[in-house]
Amino acid sequence: MKNFVFVVRRAAHGTAHGRELAEAAMLAGAMDQSVAVAFLDDGVFQLKSGQCPAAVGAVAVTGPLAALAEDGLARLYVESESLAERNLSAEDLAVATQVLTRAEMSDLLGRADVILTA
Amino acid sequence: MPVLHMVRASPFAAPALEACLDRVRPGDAVLLMEDAVLAARRGTAPAARLVRTAAEVEGLRLHVLEPDLLARGIAAAELVEAVAVVDDGSFVDLAVGYPTILPWI
(Lines give C-alpha, C1' and ligand atoms only; values in the text may rest on other atoms or scores of the structure.)
Protein backbone atom coordinates (compact mmCIF):
# COMPACT_ATOMS: atom_id res chain seq x y z
CA MET A 1 0.00 0.00 0.00
CA LYS A 2 1.31 3.39 -0.98
CA ASN A 3 0.75 6.69 0.73
CA PHE A 4 -0.95 8.97 -1.83
CA VAL A 5 -1.41 12.70 -1.26
CA PHE A 6 -3.65 14.60 -3.68
CA VAL A 7 -2.96 18.33 -3.67
CA VAL A 8 -5.87 20.60 -4.66
CA ARG A 9 -4.79 24.21 -5.20
CA ARG A 10 -7.47 25.58 -7.55
CA ALA A 11 -10.88 27.03 -6.78
CA ALA A 12 -14.05 25.16 -7.62
CA HIS A 13 -15.91 25.51 -10.93
CA GLY A 14 -13.54 27.90 -12.76
CA THR A 15 -11.79 24.82 -14.09
CA ALA A 16 -12.45 21.09 -13.71
CA HIS A 17 -9.00 20.45 -12.19
CA GLY A 18 -10.16 20.23 -8.59
CA ARG A 19 -13.05 17.94 -9.40
CA GLU A 20 -10.89 15.64 -11.50
CA LEU A 21 -8.29 15.36 -8.77
CA ALA A 22 -10.98 14.64 -6.18
CA GLU A 23 -12.37 11.92 -8.44
CA ALA A 24 -8.89 10.39 -8.76
CA ALA A 25 -8.59 10.48 -4.96
CA MET A 26 -11.92 8.68 -4.63
CA LEU A 27 -10.72 6.03 -7.07
CA ALA A 28 -7.49 5.54 -5.12
CA GLY A 29 -9.47 5.36 -1.87
CA ALA A 30 -11.74 2.71 -3.34
CA MET A 31 -8.63 0.68 -4.30
CA ASP A 32 -7.46 0.38 -0.68
CA GLN A 33 -4.58 2.82 -0.94
CA SER A 34 -3.67 5.23 1.83
CA VAL A 35 -5.21 8.46 0.57
CA ALA A 36 -4.93 12.01 1.85
CA VAL A 37 -6.43 15.01 0.05
CA ALA A 38 -4.76 18.32 0.86
CA PHE A 39 -6.60 21.57 0.14
CA LEU A 40 -4.38 24.61 0.00
CA ASP A 41 -4.35 28.05 -1.63
CA ASP A 42 -7.53 28.51 -3.72
CA GLY A 43 -8.26 24.79 -3.25
CA VAL A 44 -9.92 25.64 0.08
CA PHE A 45 -12.84 27.15 -1.89
CA GLN A 46 -13.67 23.60 -3.08
CA LEU A 47 -14.92 22.88 0.44
CA LYS A 48 -17.02 26.01 1.02
CA SER A 49 -20.55 25.36 2.21
CA GLY A 50 -23.60 26.58 0.30
CA GLN A 51 -22.31 25.78 -3.19
CA CYS A 52 -24.92 25.53 -5.93
CA PRO A 53 -22.80 24.36 -8.87
CA ALA A 54 -25.83 23.71 -11.08
CA ALA A 55 -25.98 27.51 -11.54
CA VAL A 56 -23.04 27.16 -13.94
CA GLY A 57 -23.61 23.55 -15.01
CA ALA A 58 -20.88 22.18 -12.72
CA VAL A 59 -20.84 19.62 -9.90
CA ALA A 60 -19.48 19.89 -6.35
CA VAL A 61 -16.95 17.49 -4.91
CA THR A 62 -17.94 18.07 -1.30
CA GLY A 63 -20.59 15.33 -1.07
CA PRO A 64 -18.54 12.45 -2.49
CA LEU A 65 -15.42 13.54 -0.59
CA ALA A 66 -17.32 13.70 2.69
CA ALA A 67 -18.67 10.19 2.06
CA LEU A 68 -15.16 8.92 1.33
CA ALA A 69 -13.83 10.46 4.54
CA GLU A 70 -16.73 9.11 6.61
CA ASP A 71 -16.05 5.62 5.28
CA GLY A 72 -12.42 5.97 6.38
CA LEU A 73 -11.14 5.69 2.81
CA ALA A 74 -9.43 9.09 2.74
CA ARG A 75 -8.22 11.77 5.11
CA LEU A 76 -8.98 15.39 4.29
CA TYR A 77 -6.68 18.25 5.27
CA VAL A 78 -7.01 22.00 4.81
CA GLU A 79 -4.32 24.62 5.39
CA SER A 80 -5.08 27.25 8.03
CA GLU A 81 -3.10 30.05 6.36
CA SER A 82 -4.92 29.52 3.07
CA LEU A 83 -8.27 29.79 4.90
CA ALA A 84 -7.22 32.95 6.77
CA GLU A 85 -5.99 34.71 3.61
CA ARG A 86 -9.44 34.14 2.11
CA ASN A 87 -11.41 35.20 5.21
CA LEU A 88 -12.65 31.64 5.69
CA SER A 89 -12.68 29.44 8.78
CA ALA A 90 -13.37 25.77 9.37
CA GLU A 91 -17.00 26.69 10.15
CA ASP A 92 -17.45 27.92 6.56
CA LEU A 93 -16.65 24.46 5.16
CA ALA A 94 -19.24 21.89 4.10
CA VAL A 95 -16.98 18.94 4.91
CA ALA A 96 -15.26 18.00 8.16
CA THR A 97 -11.54 18.35 7.56
CA GLN A 98 -8.45 18.44 9.72
CA VAL A 99 -6.91 21.93 9.76
CA LEU A 100 -3.12 21.94 9.45
CA THR A 101 -0.66 24.80 9.61
CA ARG A 102 1.48 25.46 6.55
CA ALA A 103 4.44 23.76 8.24
CA GLU A 104 2.34 20.71 9.12
CA MET A 105 1.09 20.60 5.53
CA SER A 106 4.67 20.59 4.27
CA ASP A 107 5.42 17.67 6.61
CA LEU A 108 2.39 15.79 5.26
CA LEU A 109 3.64 16.28 1.70
CA GLY A 110 7.12 15.21 2.75
CA ARG A 111 5.80 11.87 4.04
CA ALA A 112 3.98 11.00 0.79
CA ASP A 113 5.09 8.15 -1.47
CA VAL A 114 3.18 9.68 -4.37
CA ILE A 115 1.97 13.28 -4.78
CA LEU A 116 -0.61 14.07 -7.42
CA THR A 117 -1.72 17.54 -8.38
CA ALA A 118 -3.67 19.22 -11.16
CA MET B 1 -14.88 55.86 -24.59
CA PRO B 2 -15.77 53.85 -21.48
CA VAL B 3 -14.46 50.32 -21.35
CA LEU B 4 -16.04 47.21 -19.84
CA HIS B 5 -13.26 45.18 -18.23
CA MET B 6 -14.02 41.48 -17.83
CA VAL B 7 -11.96 39.57 -15.26
CA ARG B 8 -12.19 35.80 -14.94
CA ALA B 9 -9.20 34.67 -12.86
CA SER B 10 -9.08 34.22 -9.10
CA PRO B 11 -7.30 37.23 -7.55
CA PHE B 12 -5.45 34.85 -5.23
CA ALA B 13 -4.05 32.79 -8.10
CA ALA B 14 -3.33 35.32 -10.86
CA PRO B 15 -2.53 39.05 -11.11
CA ALA B 16 -5.26 39.79 -13.69
CA LEU B 17 -7.56 41.75 -11.36
CA GLU B 18 -4.73 43.85 -10.01
CA ALA B 19 -3.45 44.56 -13.52
CA CYS B 20 -6.99 45.60 -14.51
CA LEU B 21 -7.59 47.85 -11.50
CA ASP B 22 -4.25 49.56 -12.10
CA ARG B 23 -5.58 50.70 -15.48
CA VAL B 24 -9.28 51.50 -15.12
CA ARG B 25 -10.41 55.03 -16.00
CA PRO B 26 -13.34 57.14 -14.80
CA GLY B 27 -16.61 55.89 -16.27
CA ASP B 28 -15.32 52.36 -16.90
CA ALA B 29 -16.97 49.23 -15.55
CA VAL B 30 -15.46 46.00 -14.24
CA LEU B 31 -17.31 42.69 -14.39
CA LEU B 32 -16.05 39.91 -12.14
CA MET B 33 -17.00 36.48 -13.43
CA GLU B 34 -15.97 32.82 -12.97
CA ASP B 35 -13.24 32.54 -10.30
CA ALA B 36 -12.81 36.35 -10.21
CA VAL B 37 -16.04 36.61 -8.17
CA LEU B 38 -13.95 35.40 -5.22
CA ALA B 39 -12.45 38.93 -5.10
CA ALA B 40 -15.76 40.40 -3.97
CA ARG B 41 -15.93 38.58 -0.62
CA ARG B 42 -15.37 40.91 2.32
CA GLY B 43 -12.32 40.65 4.55
CA THR B 44 -9.64 39.81 2.00
CA ALA B 45 -6.82 41.80 0.40
CA PRO B 46 -8.39 41.68 -3.11
CA ALA B 47 -11.71 42.95 -1.72
CA ALA B 48 -9.91 45.84 -0.01
CA ARG B 49 -8.23 46.64 -3.32
CA LEU B 50 -11.63 46.68 -5.08
CA VAL B 51 -13.07 49.06 -2.50
CA ARG B 52 -10.04 51.34 -2.66
CA THR B 53 -10.13 51.56 -6.46
CA ALA B 54 -13.89 52.18 -6.44
CA ALA B 55 -13.31 55.12 -4.10
CA GLU B 56 -10.41 56.50 -6.13
CA VAL B 57 -11.79 56.24 -9.67
CA GLU B 58 -14.77 58.47 -10.30
CA GLY B 59 -17.82 56.77 -11.79
CA LEU B 60 -16.20 53.32 -11.81
CA ARG B 61 -18.84 50.60 -11.65
CA LEU B 62 -18.07 47.16 -10.23
CA HIS B 63 -20.26 44.19 -11.11
CA VAL B 64 -20.20 40.55 -10.09
CA LEU B 65 -21.98 37.75 -11.93
CA GLU B 66 -24.70 36.04 -9.89
CA PRO B 67 -24.55 32.46 -11.27
CA ASP B 68 -20.82 32.32 -10.46
CA LEU B 69 -21.53 33.51 -6.90
CA LEU B 70 -24.27 30.89 -6.46
CA ALA B 71 -22.05 28.10 -7.79
CA ARG B 72 -19.34 28.98 -5.26
CA GLY B 73 -21.64 29.32 -2.27
CA ILE B 74 -21.06 33.06 -1.86
CA ALA B 75 -24.08 34.86 -0.41
CA ALA B 76 -24.90 38.50 -1.12
CA ALA B 77 -24.24 39.27 2.55
CA GLU B 78 -20.61 38.22 2.10
CA LEU B 79 -19.91 40.83 -0.58
CA VAL B 80 -18.32 44.25 -0.26
CA GLU B 81 -20.83 47.06 -0.79
CA ALA B 82 -18.85 48.46 -3.71
CA VAL B 83 -20.03 45.66 -6.05
CA ALA B 84 -23.42 45.20 -7.69
CA VAL B 85 -24.72 41.70 -8.47
CA VAL B 86 -25.86 41.14 -12.07
CA ASP B 87 -27.77 38.15 -13.43
CA ASP B 88 -27.33 36.66 -16.90
CA GLY B 89 -29.88 39.05 -18.44
CA SER B 90 -28.28 42.17 -16.96
CA PHE B 91 -24.91 40.81 -18.04
CA VAL B 92 -26.03 40.95 -21.67
CA ASP B 93 -27.37 44.50 -21.21
CA LEU B 94 -24.07 45.47 -19.64
CA ALA B 95 -22.03 43.95 -22.45
CA VAL B 96 -23.98 45.69 -25.21
CA GLY B 97 -23.89 48.99 -23.29
CA TYR B 98 -20.15 49.46 -23.69
CA PRO B 99 -18.52 50.12 -27.05
CA THR B 100 -15.36 48.29 -26.05
CA ILE B 101 -14.80 45.21 -23.93
CA LEU B 102 -11.41 44.29 -22.54
CA PRO B 103 -10.96 40.74 -21.23
CA TRP B 104 -8.23 40.25 -18.63
CA ILE B 105 -7.16 36.65 -19.11
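Below, chains carry the letters A, B, ... as their sequence lines are ordered, and counting in each starts from 1. Values below: every heavy atom of this structure, side chains too, minus hydrogens, waters and symmetry copies.
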Item to complete: Return the option, out of A/D92, A/L88, A/T15, with the maximum number of heavy-atom pairs under 4.5 Å with chain B.
Response: A/L88

Fill in: Heavy-atom closest contact (B/A39 atom, B/L50 atom, distance)
O-CD1, 3.6 Å

Item to complete: Identify the heavy atoms of B/C20 and B/H5 that sit nearest to each other, and give their distance.
Response: SG-CB, 3.6 Å

Worksheet entry | Residues of residues 55-67 of chain A near chain B, each having a heavy atom less than 4.5 Å away | A/A55, A/V56

Discussion item. Give me the atom names and distance for the closest heavy-atom approach of A/A38 to A/V5.
Written reply: CB-CG1, 4.2 Å

Worksheet item: Rounded to the nearest 0.5 Å, how far does CZ of B/R61 lie from CG of B/D28?
Response: 11.0 Å

Discussion item. Between B/L38 and chain A, with a heavy-atom cut-off of 4.5 Å, which part of the residue counts as in contact: side chain, backbone, both or neither?
Written reply: side chain

Worksheet entry | Donor-acceptor under 3.5 Å (A/S49 side chain, A/A94 main chain) | no

Worksheet item: Between A/N87 and B/T44, is any side-chain donor less than 3.5 angstrom from a side-chain acceptor?
Response: no

Worksheet item: How about B/R25: does its CZ atom have over 12 heavy atoms from other parts shown lying under 6.0 Å from it?
Response: no

Item to complete: Counting only heavy atoms closer than 4.5 Å, note whether B/R41 contacts chain A via side chain, backbone, both or neither.
Response: side chain

Fill in: Toward chain A: residues of residues 76-94 of chain B with heavy atoms under 4.5 Å
B/E78

Discussion item. Using 0.5 Å steps for rounding, measure from the CG atom of A/L108 to the CD atom of A/Q98.
Written reply: 9.0 Å

Worksheet item: Quick one: does A/Q33's side chain have a donor or acceptor within less than 3.5 Å of a partner on A/L27's backbone?
Response: no

Worksheet entry | Member of A/R10, A/R86, A/R9 meeting the salt bridge (Lys or Arg N to Asp or Glu O under 4.0 Å) criterion with A/D42 | A/R86

Worksheet item: Do A/D107 and A/R111 sit within salt-bridge range, that is, some charged N less than 4.0 Å from a carboxylate O?
Response: no

